[in-house]
Amino acid sequence: MAISLCGLVGENTGAIDCDVTRGNPAELIVGSGAFSSSDYADSATLKAAFLTKLKLQTGNSEKLFPFPVIQGTTDKTEAAKYGSLGYGLQFKLLRSKPGYEFDVLAGSTLEKKLIKFDGKQIPIFIFDDQAQIWGKLDASGNFVGPKWLVGVEPRPFGDAQNPKSTKITISLIDAADFVENAVVFQSDFSTSDLVGLKDVVLSEPQAHASNVYKIKMTIPTAILNGDINIFDTYGSAIAALTWTAFTGATYSTSLTITSIAVDNTLKALTVTFDSTAFTALSSGAKIKLVSPTPAVLDAADVVGIEIGSIILTK
Amino acid sequence: MPKFVNYEGISFNAEWAATKTEKEFVEHEKHHSLTPTQLKEAYKLCKEAVKPEESPTPVTT
């Protein structure tokens, strides 16, 4: 009988019929969002929790950012390194390091958003074409994305010879997250469920009249004078939601908004502050106007946008 | 969060309106494209929106 430690090396190696395997990547879901064991207790709960994190406000550490749908994948995995001794016995010196290059379709406006992730180490869930979301369990048992180093390269000008695309590259920080730590959520998502928000910025199209301000809502684009005013699409619905306003050095003092209306001529909102409180402010005082959150907007069927705040001046 | 009441497409802060007289409300919101009569109707709606609910009269036998 052999004296051996081999029985302690690993675990049983019986294969499970119909075991999960990785499909073709369909979408990257980027961000530090974590799902606790109660979140993933069942599929429906995890699905709802995923969608909630897509609609968090920018700045929330749990927010997830879906990238554009993937149109092509190139395996850029760094191969394992091998060496051999004089008589030919081959040793594996270093395990492979997973890496991938993805082709995505992104206009110049979206590229300005994607490029902010360039060079960042960031957790990424990978959604594949079998509706599986690949992640890992962290030390606390939370379902999270493994950390990858991200690269973003813009679409170049065409050369009339080869199709061009925006390139997203990812390289895995810890190779163990690809095997030992890997877990998968078998969802019923489609890529149309995993869509990012568009940023809406607020501006004043004309000078305010005392306590009455005009607020325009536009989506910036890469086109000169081409910002998209969302008033016609969502103006009335957004005017019916609750906005808040604050003053003070840390914007912690509430300033009452007495009414919000649509201005069909200016294609903007008319926001009125309580005149007594407004008059009491010093000249040049700053007012922070805060919009409804993406979750509140979404609940009111104002979907796919996040409205920023604006600092107004008395 | 304050309670808002929608009248003719304008959202009015009902809680703030309830702290004002009708005259003060109409004067404050006169810049909207509403007539004084409409503003008074909006004021009335705001007051009703923040009126405390009446407790049901207990039935005695």
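Everything numeric in this text was worked out from a predicted model, so none of it was measured. Chain naming here is simple, since letters A, B, ... match the order of the sequence lines and numbering starts at 1 in each.
- Salt-bridge formation is detected for the pair A:D199/A:K113: a Lys NZ or Arg NE/NH1/NH2 atom is positioned less than 4.0 Å from an Asp or Glu carboxylate oxygen.
- Across A:V212, A:V262, A:T244, A:N211, the residue that shares the most heavy-atom pairs under 4.5 angstrom with chain B is A:V212.
- For B:E29 and B:K20, the salt-bridge test fails: no basic side-chain N is under 4.0 Å from an acidic carboxylate O.
- For a residue to count as touching a neighbouring chain, one of its non-hydrogen atoms must lie under 4.5 Å from one of that chain's; by this rule A:S254 does not touch chain B.
- Here A:D274 is the residue among A:D263, A:L241, A:D274 with the most heavy-atom pairs under 4.5 Å with chain B.
- Residue contact with chain B, scored on non-hydrogen atoms closer than 4.5 Å, involves the side chain of A:T256 exclusively.
- Using cut-offs of 30° and 60° on the angle between ring planes, the pair B:F12 and B:Y7 is tilted.
- A perpendicular orientation is assigned to the rings of A:F143 and A:Y40, their planes being inclined by more than 60° (bins at 30° and 60°).
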